[in-house]
Amino acid sequence: MLKSSIVVSFFRNKLPNTESAANTYQQVAPGSKGDVISKSRDRAELAAARRVTPCVRARRLVGGDAHPFAYRGRSRVAASHARCSAGRAGVRRRKQACLPTSSLRYTAEYGSRSGRPLPSALTHWPVGLPAAPAHRPSLPPPHTERGPARQRPTRAAGFPGGGGGGGPGEASCRAPCCSPVSRSWPRSSPSSTTAASACSPASTTSRSKDKFGSTAIKSACGDPKAKPSYLIDKNLESAVKFIVRKFPAVETRNNNQQLAQLQKEKSEILKNLALYYFTFVDVMEFKDHVCELLNTIDVCQVFFDITVNFDLTKNYLDLIVTYTTLMIMLSRIEERKAIIGLYNYSHEMAHGASDREYPRLGQMIVDYENPLKKMMEEFVPHSKSLSDALISLQMVYPRRNLSADQWRNAQLLSLISAPSTMLNPAQSDTMPCEYLSLDAMEKWLIFGFILCHGVLNTDATALSLWKLALQSSSCLSLYRDEVFHIHKAAEDLFVNIRGYNKRINDIRECKEMAVSHAGATHRERRKFLRSALKELATVLSDQPGLLGPKALFVFMALSFARDEIIWLLRHADNIPKKVADDFMDKHIAELIFYMEELRAHVRKYGPVMQRYYVQYLSGFDAVVLNELVQNLSVCPEDESIIMSSFVNTMTSLSVKQVEDGEVFDFRGMRLDWFRLQAYTSVSKASLSLADHRELGKMMNTIIFHTKMVDSLVEMLVETSDLSIFCFYSRAFEKMFQQCLELPSQSRYSISFPLICTHFMSCTHELCPEERHHIGDRSLSLCNMFLDEMAKQARNLITDICTEQCTLSDQLLPKHCAKTISQAVNKKSKKQTGKKGEPEREKPGVESMRKNRLVVTNLDKLHTALSELCFSINYAPNMVVWDHTFTPREYLTSHLEIRFTKSIVGMTMYNQATQEIAKPSELLTSVRAYMTVLQSIENYVQIDITRVFNNVLLQQTQHLDSHGEPTITSLYTNWYLETLLRQVSNGHIAYFPAMKAFVNLPTENELTFNAEEYSDISEMRALSELLGPYGMKFLSESLMWHISSQVAELKKLVVENVEVLTQMRTSFDKPEQMAALFKRLSSVDSVLKRMTIIGVILSFRSLAQESLRDVLSYHIPFLVSSVEDFKDHIPRETDMKVAMNVYELSSAAGLPCEIDPALVVALSSQKSDTISPEEEYKIACLLMVFVAVSLPTLASNVMSQYSPAIEGHCNNIHCLAKAINQIAAALFTIHKGSIEDRLKEFLALASSSLLKIGQETDKTTTRNRESVYLLLDMIVQESPFLTMDLLESCFPYVLLRNAYHAVYKQTVTSSA
């Protein structure tokens, strides 16, 4: 949608603060005649204002004959003074829109005709504005009066885009994309409007609304999902075709069978198609108003020159282009006849008559089948005004349409080309034209000269301008992504006009030029602008004070770059394939990035620019303007008042206002200058702006300076808005992917998410529901871009980590054996291996560079990562549709996810083969990974420690936040299900001397070496990886297995409870004990299960010891405090308190007299069916069962004690730990005396073992001495038993002889 800058600022702020404008006009001399009139008029207006409604009050204030182009008399001056006085009095006229006279009148009449109240801003006359003239030329209305008032339909539920609406007093679009308001719309002849009203909020609202409506209908009808169901209903297909064929005359009185189906659906058709129908009616009304306005302008013979009355000329040309594009888009709606015809037929069936708008609307649709051809006929009377406005571009457009070489030779936009003039302000006689959109000018020229084509044959300047525009582009943007192919359309129009063969040849030549040269020309421009904007942004970032004098350069640069980007975007999908290379720019992101840098500088250093231009306005502009006004030969009183107010407003400015943070508002001043342009541009104006061009140029410069004070944001939108990307999603995403694929451009990839912040600027108040659609699209695109950038950075980091892990792996001890072997063989001159085998490279060779030009893969990865991280780190956050995005958080999130997956992946766990990485190797890889991640902090300001904490802490649990297994669960399962299961199968033994589990020689060799996973270094590595939480989980899993074994043991005790009860009291009766022992069942099962428990507890002891070593290294003071706390628990302490201390100590890896984890695991076995006394008895009998079963171990061949390993090959030495830990846990649970029960156990065990000394069967006593040593191990392991107690039960001499025998046997077997 095309809007002038004045419309942007006034329309989007419907109730602007006009106090500054009012204060501007408080300079009327007191006591003057105008002051006297103003006082009496004020009182009359105040009294009248209390008695009339807003609409009536507006009509009274405006007057029926108000027109700024008519002659101004004495009453006009008096009225002006009256309004000045009213501004001083502050009479209910504060919050109001400053509208041109005729536009206010038009809005008031339009509002009264529509039957809805006017906005509050339009019910009072704007304070401090010149009065309307007393007379205006009377023009015949372009159409006749219409029928009576009729109620407009409200939006039906379920209508596409239904719901919502504008605020009170706000015009609402009735297109399918917007919510209508139920209102009556009487159709009467519109009043005459003026040139000023063309860009007033009211008329711009109408233009915007109609364009939104036609666009929405085209979008809805083009989308099968949103298309009205009646257009695709098979039952109505024949009726629709009939209506379209007969359009606009459809005979309904003859009961046509083809239309019979519509009878049933007529009410629904009226309800659902009303919004579409009345949008077409709005387009028709807009056309009527435009025609009336153009007639008025022609009658007034308005002078147009873009370099003098810039605002008037620009808005005039914008109006014509808007009108033209609207009619072209209307003709592109294929279903327009079907919609209008269906609605009218249904209306006639329901009400007995056609809709009163239908005849004119149907005729308009037929007339504008070829809109440009019809408009060429319409614009014959307007050719003079239009051609004058277009030819005034001869000093502007060619200068904006130069080649890159010409820009380069002129050193355009360069601040450092002339250092001596760096501080001089950038000046031009045509300040607003310098940053005027090239796209807008090309639309003006192409559409304008098509409409007034006769001037092309008579004026060489017009022809040269038109040809230059045709050579620059192949297509123009009508609205958003709707394009217009200019050469074909122009040729089709001129081919039927006699004597236009030369013009047709010109069009064809220009088309060839556009196809063959335009792409290269614009490519070179973008190349130049990249370097120019980079230089500009670099200089301004170092010296932001230059933003003051060189602000024009900044906005010129933004406008130039914006035009080139939009040109490329528009032509990318509308080009022949043979020249596609010129329309693909992989460096477009760089240009956008420098645009964003300049925008950021303007936003950041806005106060600097304000200070500069406040001083400029008050110290220079006011003086020059005052001189110009004083030198005017003719200056009517009204114009003099306005010009004086300009000078006074600028003179009153001071830097202190900027320092105090005062909000500036020069919109009233700019609008008054716009009015003054209208007053002084008519043919019979007393003060003709055409004769005082210097005044116009000076005021245009002043207007630019005021925008630098109060409208910087609006200026950024005007010159650098790239919201058009919202409607080119596919091209937008393709550009982004190309940017990421090119490493040198990835540093600029942040520009794509930044563009998403522009999208909301393309929304409009008249289409509120579109905000959600565009807002959602901006959010989704921004999210996708940031996510892809983070993924790309994550992948680069992962590749670097993989390389680094490979280098770290070369330093592992397992790789040094081959190197040592090669060194030894080299010294002894032995030949090993195959001939010609290359010598293995030593670690670190990759760091030796013979040539700096040699670039390794790791170098490339680091370079690409640094470029991409620059982009991620560029913006701390960005706001898109009230949502804040933080690019760094995207990277942090992806790093956490990838780090988690990488850690689990580096375990290389294979469930089928039960293979897993050694903990030490995994720890080395994790440390290498973390080293790389820590280096990321050099590129991006992220807290990588937070990533480590989040990821590594999750790895200490059995499942991570996503429910996936962690290294804790993987290693716990592997040690339990693989290593310890092989121990119970007799393939692995625990060697206390080595503090490790070792493979035993068996027929079936294991796939892993147990020692490489269970020695002290591996267990410490495991503790480093799992941490206290993970080791606690490992302990709990071990305890669960122990508790299951104890449960089975209890079952065996229950089976032998009577025998064990008798044996408990008969340990001093050898014969009775022997007889009772023979009655016991499952003796071997008891010993085997106790051995398994001992093995598990031995493994846990290794794990706890390694955890203690690791924590002592990391937190020595805390560990020593916990240890001291544990060692000084008084004996009389309550058991619950003691268990809490033991739990703390166990978590720190310290050994405890009573294992709290085992107590918790065994406590869960309590049953409600068994009394506590019975449970206690079973626990006691379990110890008896184990004690009386020990002698059977002597007959086992594998029970021989090995001094080298300080244990037995069948792991029965682990019984010592099992007996002590199980006894301590069980009798803690049942609140029994641990010492008493262990003394009882020792008495029974020693008695049973002494009996085998009397046995004569060598098979039974094969390893008697090795079994004797178990008693010593049990006592040594127990904190509750002493050697004195053992001496009282079992002679120490037997232990000494047993040690002597096993050592002697070992020496003999080895010899």
Side-chain angles (χ1 to χ4, degrees), residues 396-414 433-443 445-446 468-477 481 483 486 513-537 553-575 579-599 716-725 727-728 731-732 734-736 738-739 745 748 751-752 754-755 758:
V396 179
Y397 178 67
R399 191 169 69 235
R400 280 284 279 108
N401 200 9
L402 299 176
S403 67
D405 290 335
Q406 291 172 304
W407 282 353
R408 195 173 287 109
N409 294 335
Q411 294 183 322
L412 186 71
L413 305 178
S414 177
C433 299
E434 303 302 331
Y435 54 86
L436 188 59
S437 170
L438 186 66
D439 181 52
M441 286 191 282
E442 289 179 351
K443 287 181 184 179
L445 291 170
I446 291 172
L468 185 59
L470 288 175
Q471 293 170 8
S472 299
S473 302
S474 298
C475 58
L476 291 177
S477 173
D481 57 342
V483 296
I486 53 180
M513 290 286 291
V515 171
S516 58
H517 296 91
T521 300
H522 285 273
R523 184 189 64 231
E524 291 301 315
R525 284 187 190 172
R526 293 192 299 273
K527 183 178 179 181
F528 167 79
L529 287 172
R530 284 198 298 271
S531 60
L533 265 67
K534 181 180 180 180
E535 176 191 307
L536 194 61
F553 280 12
V554 174
F555 291 105
M556 286 173 60
L558 291 174
S559 180
F560 289 6
R562 187 268 316 274
D563 287 337
E564 294 305 318
I565 292 169
I566 292 179
W567 186 95
L568 177 67
L569 193 63
R570 184 173 69 245
H571 285 77
D573 295 331
N574 299 280
I575 54 166
V579 292
D581 292 341
D582 289 335
F583 297 87
M584 292 177 59
D585 192 348
K586 294 183 179 180
H587 299 82
I588 194 68
E590 184 177 355
L591 183 58
I592 299 172
F593 176 81
Y594 292 128
M595 285 183 66
E596 291 296 334
E597 277 215 318
L598 290 177
R599 286 167 58 93
L716 289 177
V717 173
E718 180 183 347
T719 57
S720 60
D721 177 52
L722 294 176
S723 59
I724 188 68
F725 275 101
F727 309 100
Y728 287 90
F732 197 22
K734 184 178 179 181
M735 289 178 180
F736 175 73
Q738 289 176 343
C739 176
Q745 288 294 302
Y748 308 115
S751 56
F752 291 93
L754 289 173
I755 288 179
H758 300 201

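None of the values given here were measured: they were computed from a predicted structure.
For the side chain to side chain contact (heavy atoms under 4.5 Å, CB included) with His758, the lone residue among Ile724, Asp721, Leu716 that qualifies is Asp721.
Ring orientation note: the planes of Phe593 and Tyr748 are tilted relative to one another, at an angle of 30° to 60°.
Not counting sequence neighbours, Tyr397 has no partner by the ring-ring contact (aromatic ring centres under 6.0 Å, His included) test.
Of all heavy-atom pairs between Phe555 and Tyr435, the closest is O-CB, 3.8 Å. Across all non-hydrogen atoms, the minimal contact from Ala532 to Leu412 is CB-O, 4.5 Å. The nearest pair of heavy atoms linking Ala561 to Leu533 is CB-CD2, 3.9 Å. Closest non-hydrogen pair, Tyr728 versus Leu569, comes out as CD1-CD2, 3.6 Å. Taking all atoms of both residues into account, the shortest heavy-atom contact from Ala514 to Leu470 is CB-O, 3.7 Å. Shown here for Phe752 and Ala589, the closest heavy-atom pair between the two residues is CE1-CB, 3.5 Å.
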For this session: Show the numbers, then the answer: is there a side-chain contact (heavy atoms from CB on, under 4.5 Å) between Leu568 and His522?
Result: CA-CA 8 Å; Leu568 177 67; His522 285 273; over 6 Å; no
For this session: Apply side-chain contact (heavy atoms from CB on, under 4.5 Å) to Leu438 and Trp567, showing your working.
Result: CA-CA 10 Å; Leu438 186 66; Trp567 186 95; over 6 Å; no
For this session: Please assess Ile565 against Met595 for the test side-chain contact (heavy atoms from CB on, under 4.5 Å), listing each intermediate value before the final yes or no.
Result: CA-CA 11 Å; Ile565 292 169; Met595 285 183 66; 3.5 Å; yes
For this session: Test Trp407 against Leu529 for side-chain contact (heavy atoms from CB on, under 4.5 Å), laying out the working first.
Result: CA-CA 9 Å; Trp407 282 353; Leu529 287 172; 4.0 Å; yes
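No side-chain donor-acceptor contact under 3.5 Å links His571 to the backbone of Phe583. Put simply, the side chain of Ser473 never gets that close to the backbone of Leu476: no donor and acceptor are under 3.5 Å apart. In terms of modelled atom types and a separation under 3.5 Å, the side chain of Arg570 and the main chain of Ser474 share no donor-acceptor contact. The backbone N or O of Val717 sits nowhere less than 3.5 Å from a side-chain atom of Ser720 that would complete a donor-acceptor pair.
Comment: Arg400 engages Asp563 in a salt bridge, judged by a side-chain N to carboxylate O separation of less than 4.0 angstrom. One finds a salt bridge joining Arg399 and Glu434 here, because a Lys/Arg side-chain nitrogen approaches an Asp/Glu carboxylate oxygen to under 4.0 Å.
Atoms CD and SG, on Glu442 and Cys475 in that order, are 10.5 Å from each other to the nearest 0.5 Å. Summarising the geometry, atom CE belonging to Met513 is positioned 9.5 Å from atom CG belonging to Leu468; distances are rounded to the nearest 0.5 Å. To the nearest 0.5 angstrom, Leu722 atom CG is 7.5 Å from Arg599 atom CZ. The line from CE of Met735 to CD1 of Ile755 is 8.5 Å long, rounded to the nearest 0.5 Å. In this structure, CD in Glu590 is found 5.0 Å from CD in Gln745, a value given to the nearest 0.5 Å. Remark: Glu564 CD to Arg523 CZ distance equals 12.0 Å, nearest 0.5 Å.
By the 4.5 Å heavy-atom criterion applied to side chains, Arg562 and Ser437 are counted as neighbours.
Between the side chains of Ser472 and Asn401, a donor-acceptor pair is found at a separation under 3.5 Å. A donor and an acceptor atom, one from each side chain of Glu524 and Ser403, are nowhere located under 3.5 Å apart.
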